[in-house]
**Student:** 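Quick one: structure below, then a few questions.
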Amino acid sequence: MKFNPSRLSIARKRRMLNKKALAGKIGVNSHTISLWDKGETEPAPDNVQEFVRVLGYPAPFFYGPDIDEPYKDATSFRSQTLMSAATRDAALAAGSIGFLVSDWVEKRFELPTTSVPDLHLYDPERAARTLRQEWSLGEKPISNMIQLLESKGVRVFSLSENTATVNAYSLWRKGEPYVFLNTFKTAESSRFDAAHELAHLVLHQDGSVKGREAEDQAHRFAASFLMPQADVISSVPHVSHVQQLICEKARWKVSLAALNYRVHKLGLISDWKYRDFCIEIVRNGYNRNEPNEIEREQSIVWEKVLKALWSENTTHLDIANELAIPSEEVGDLLFGILNPSVAAKPVQSKPLEIVAGQEDEPQAIA
Amino acid sequence: MNALPLINPVEVRNRLEQLGVTKEQLLEVVAAAVGGRNNCTSFDPRSAPGWSSWREGNRRLREILIPLGIGWELDETDGIPSVIHRERKMKITMCNTDAGTGLKDYHPQQTSKKGAATEEIVSVNQSLFGEVMDSALLQNIVPLSRMNQPGFLACWYLCVYCDGDEVRAELSCPIVCEDGYFKDFHERIFLTLDEDDGSGIKVRKQEPDGGDAGFEIPVKRKKAL
């Protein structure tokens, strides 16, 4: 198998290195990297060993077939202005690795079939209502966004980007919807992000609406989808103070800020009261430390897949080995949305062995 | 007589095929009923969730079966909304039932007391199946003889139980209705997931290991590569 420059590019982006930075770390000039990148020359085995050392990817990774890459134009990031190109590219490159893992799993497992309609002809609020009807959700709160998405055939992965500037992104690939969620954020924010990405999947499949407008539409959809108008009005017809919202937000599992915004949009509080609430939320630090926190939502699909694999003595390390990717990449994609007890389960499939210790000391088990 | 429920997915599919319906069609009806219930808020009249579920379920039942053009017709005899199939001598109506639905050690009961019309319908079922079943069991013969009597329609109830994310359903044929509630059944067909163990789980379910809620998320191992 020949050296695959697109894989070098993915590994480099995952480590947030531009060509110049990579050149500096492996002791070549950036023109050489460009030539490798374009496939005009091929790196020597010594260079590949340097890639292994610097990028942490095993050598076979660089000799695999092409990997699908999420194109930045086909994905939606909410905070474009706050996010550096390196951060964005790293998140997108995580998507490429996600595709590898997803394809590996789908060769071995039948996952839920896709049932995500195209609603681009609807305005966001109507699309949210229509989708709720389509999925028999009515006006009731959604108990778990990740599991709802999974039940409709959406492949959900976690992004372990150590920054809140990357919220999440979503895209369609080969007729299947994918959502990548940043689990660095609060559980409420991740849940809202999941609804926001669902909006992109149903509203913007054709790519005709982009940028700020698409983000605004997705935000309106997410608010309507998570906090349906009729349910909010009947559950909190009178809002008198922030503490009431802190208590009520548990019903829809949203952030205090999101519920405050929603009740204002629905006319349940005046402009003045909304402003006062915003000030109170900031003054009490509720914008930094979410009050009345919910538990982080977890994936059922990955839990079932991993448990089935364990029964065959296969772990995420074996997946990583087979795909020639660092094991932490698999972990980052799955563990952020996995039940901690599942994520912490066997990390190696080889049997335990007893190692002899010194006399008078308990024997160590490795 | 306590009818043993049909749980095995293959048997369920075969039996439903005999009755002229499919599991998918019935699950569509269940989803519509659940959607109708979920559409209600605390501002709706207290009876609205049940009524909405019943209305949407029976409407979808008709929307799905009648246009097929295979003999299903609309029927409203005695104010009970149903679809009837004269050739098959049967009718189906959807009703809301309690937590006993879809559980083999219990049986479904209506969530609201039914009147004389339901008791009359169930008594017809009893005349079709009840006595014949008892004698047939003794004589080891197939109890279908009375089905040929003109004008008799066996009435099947699509029983739907919904509590939050937990939904169970079964297509059942009651033969005893006392004081407005089902007491015994000739046959019960569980509408469960194919991979299910017969604990009666359908459209959505509570996670048995204590997860807060769950949706139907089937994940199956393919045959070894």
Side-chain angles (χ1 to χ4, degrees), chain A residues 104-113 115 129 132-154 156 228-237 251 253 294-295 297-309 311-312 314 322 339 341-342, chain B residues 24 26-46 48-53 55-57 59-60 160 162-167 169 193-196 201-225:
Chain A
W104 188 94
V105 169
E106 288 191 50
K107 267 186 194 165
R108 292 157 179 82
F109 290 88
E110 285 175 21
L111 303 182
T113 50
S115 174
R129 279 201 303 276
R132 279 181 154 272
Q133 294 297 328
E134 175 102 8
W135 288 352
S136 297
L137 298 168
E139 302 284 340
K140 295 286 180 258
I142 294 162
S143 53
N144 190 311
M145 266 307 296
I146 288 182
Q147 289 172 22
L148 173 64
L149 291 179
E150 290 185 325
S151 73
K152 302 301 174 188
V154 180
V156 185
Q229 180 174 356
D231 195 42
V232 173
I233 292 175
S234 61
S235 300
V236 233
R251 177 173 177 81
K253 299 183 179 180
I294 60 168
E295 278 186 33
E297 294 187 347
Q298 290 153 358
S299 159
I300 287 291
V301 165
W302 299 125
E303 182 174 328
K304 285 185 174 179
V305 164
L306 286 185
K307 282 183 174 173
L309 289 173
S311 66
E312 301 164 17
T314 303
E322 239 179 89
N339 182 326
S341 68
V342 179
Chain B
E24 287 70 27
L26 297 181
L27 295 185
E28 278 277 334
V29 177
V30 175
V34 171
R37 178 178 294 278
N38 286 346
N39 267 337
C40 299
T41 73
S42 57
F43 274 13
D44 281 298
R46 187 180 288 184
W51 189 84
S52 251
S53 165
R55 171 179 176 270
E56 294 293 334
R59 174 177 163 168
R60 188 64 55 88
V160 179
C162 172
D163 181 16
D165 278 335
E166 189 167 11
V167 179
L193 293 174
D194 281 355
E195 79 224 28
D196 198 22
I201 298 164
K202 231 315 297 155
V203 185
R204 297 184 216 136
K205 62 182 177 182
Q206 300 294 120
E207 282 303 308
D209 54 0
D212 70 334
F215 296 91
E216 180 189 330
I217 306 176
V219 174
K220 280 185 189 169
R221 188 74 162 98
K222 289 180 180 172
K223 285 182 181 169
L225 295 173

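Values in this document were obtained by computation on a predicted structure and should not be read as measured data. Every chain is numbered from 1 and lettered A, B, ... according to where its sequence line falls, protein lines coming before strand lines.
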**Student:** Could you work out, with side chain to side chain contact (heavy atoms under 4.5 Å, CB included) as the rule, every residue matching A:Gln229, not counting sequence neighbours?
**Tutor:**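 Applying side chain to side chain contact (heavy atoms under 4.5 Å, CB included) to A:Gln229 gives A:Ile233, A:Arg262, A:Leu266.
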**Student:** By a 4.5 Å heavy-atom criterion (distance strictly below it), what part of A:Glu106 contacts chain B: side chain, backbone, both, or neither?
**Tutor:**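 For A:Glu106, the backbone is the part near chain B, not the side chain.
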**Student:** Taking only residues two or more places apart in sequence or in another chain, which ones pass salt bridge (charged side-chain N to carboxylate O under 4.0 Å, His left out) with B:Arg60?
**Tutor:**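 Applying salt bridge (charged side-chain N to carboxylate O under 4.0 Å, His left out) to B:Arg60 gives B:Glu28, B:Glu63.
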**Student:** Is A:Glu312 close to chain B through its backbone or its side chain, or both, or neither, when contacts mean heavy atoms under 4.5 Å?
**Tutor:**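 The side chain, not the backbone.
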**Student:** Which residue out of A:Leu111, A:Asp231, A:Val301, A:Leu148 racks up the most heavy-atom pairs below 4.5 Å with chain B?
**Tutor:**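 It is A:Leu148.
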**Student:** For A:Lys304 and B:Ile217, which heavy atoms make the closest approach, and how far apart are they?
**Tutor:**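 Of all heavy-atom pairs spanning A:Lys304 and B:Ile217, the closest is NZ-O, 2.7 Å.
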**Student:** Do any N or O atoms from the side chain of B:Trp51 and from the backbone of B:Pro45 form a donor-acceptor pair under 3.5 angstrom?
**Tutor:**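 No; zero donor-acceptor contacts below 3.5 Å.
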